[in-house]
Amino acid sequence: MAAVNEDRLQAVEQLQRELRAITATVEHPNGLCTVTASAKGELRAVHLHPALLGHGAHAVGQVVTETARLATDAAVQTSFNRMALALGDGMAIDVESVTGDAPFRSAAHPVVPPEPAVEQAPPPRRRRAEVVEDPDEDAFFSNPFGRR
Amino acid sequence: MDDDVERAARKVRAVEQAVSEHVTRSGPITGRAWSPDGAVTVVATPGGPPQQIAVSPAALRMGPHGLAAEIVRVAEKAQRAASSRLHQTLERVVDPRELTAMGFPRHADEDEFGWRP
């Protein structure tokens, strides 16, 4: 029994080490910034595309902030996945019930409006108004091209 | 196992409520840090991604590599300040050793990070 407990403790410590080491690298949807972050939101690396600086100081701050959030969410999700692998889905669901949903299960927070999945259908063709023969119609204001 | 989980969940909820009430009184817990020349300012949360990263127009002259490195440096300082402030705020309701074990140690040199209450 003691040996089993020892094994469990070692397995838990190993899992904790692995979870601490997990990072995720995410590129902003605009392709101008890449951030590597840990699940605790620590920024391990930031890469800025030179073109991003041309968008101005405010945009740089906003894009890096958004990318950092996406990278952190991805690292948290990776941690959940790793935990589920080690402890089983049941335990992972139990953990979620205590700590809250994993990022990819909870509502998505896209930084840009998502593209429509399919090309937008062209607007419906308007039906031409039916020609009504009106003996009182004023020929001067009528459209000869649409009528004849 | 279910009992254990339920017990753990109950304990988490109890601590959460105590922490929540405490934080309601103290206000949001964040840490702030900035470059000496004001090029980059970061507001961080404890255990989460930076809440806000602000870059000054003059900072754009640092170039992409220099600016990226400065953002990483200032973000780390801001998060350490946030962790330290969380520790200070919660040490009355949560065992300080637990806070440190959870990754929220109290940093002695937090004043260097420009933390403002």
Closest heavy-atom pair, B:Pro64 versus A:Leu48, reported as atoms and distance to 0.1 Å, is CB-O, 3.3 Å
Under 4.5 Å to a heavy atom of chain B? For A:Ala75 that would be neither
Honestly, the part of A:Thr72 sitting under 4.5 Å from a heavy atom of chain B is side chain
### Query
Any link between A:Leu15 and A:Val76 through a network of hydrophobic side chains (Ile, Leu, Val, Met, Phe, Trp, Tyr) touching at under 4.5 Å?
yes
>> In this structure, would B:Val43 and B:Leu86 fall into the same cluster of hydrophobic residues linked by side-chain contacts under 4.5 Å?
In response: no
Exercise for review: Examine A:Leu53 and A:Val35 and state if one hydrophobic cluster contains both, with Ile, Leu, Val, Met, Phe, Trp and Tyr joined whenever side-chain heavy atoms are less than 4.5 Å apart.
Suggested key: yes
Turns out that what part of A:Ala71 lies under 4.5 Å from chain B's heavy atoms comes down to neither
- Query: Same hydrophobic cluster for A:Leu43 and A:Val63, using side-chain heavy-atom links shorter than 4.5 Å among ILVMFWY?
  - Reply: yes
Among residues 19-27 of chain A, residues within the sub-4.5 Å heavy-atom range of chain B, in order of number, are none
Rounding to 0.5 Å, atoms CD1 (B:Ile53) and CD (A:Glu66) come to a distance of 10.5 Å
Bottom line for B:Ala75: the part with an atom under 4.5 Å from chain A's heavy atoms is side chain
When every non-hydrogen atom of A:Lys40 is compared with those of B:Gln79, the smallest separation belongs to O-NE2, 2.7 Å
Contact list (residues 66-74 of chain B to chain A, heavy-atom gap under 4.5 Å, by number) returns B:Leu67, B:Ala68, B:Ile71, B:Val72
One should read off an interatomic distance between B:Gln51 CD and A:Arg69 CZ, to the nearest 0.5 angstrom, of 12.0 Å
Bottom line for A:Ala68: the part with an atom under 4.5 Å from chain B's heavy atoms is both
Honestly, the part of B:Gln52 sitting under 4.5 Å from a heavy atom of chain A is backbone
Correct closest heavy-atom pair for A:Gly41 and B:Pro50 would be O-CD, 3.9 Å
* Is it the case that one hydrophobic cluster holds both B:Leu60 and B:Met62, taking links as side-chain heavy atoms less than 4.5 Å apart, direct or via other members? -> yes
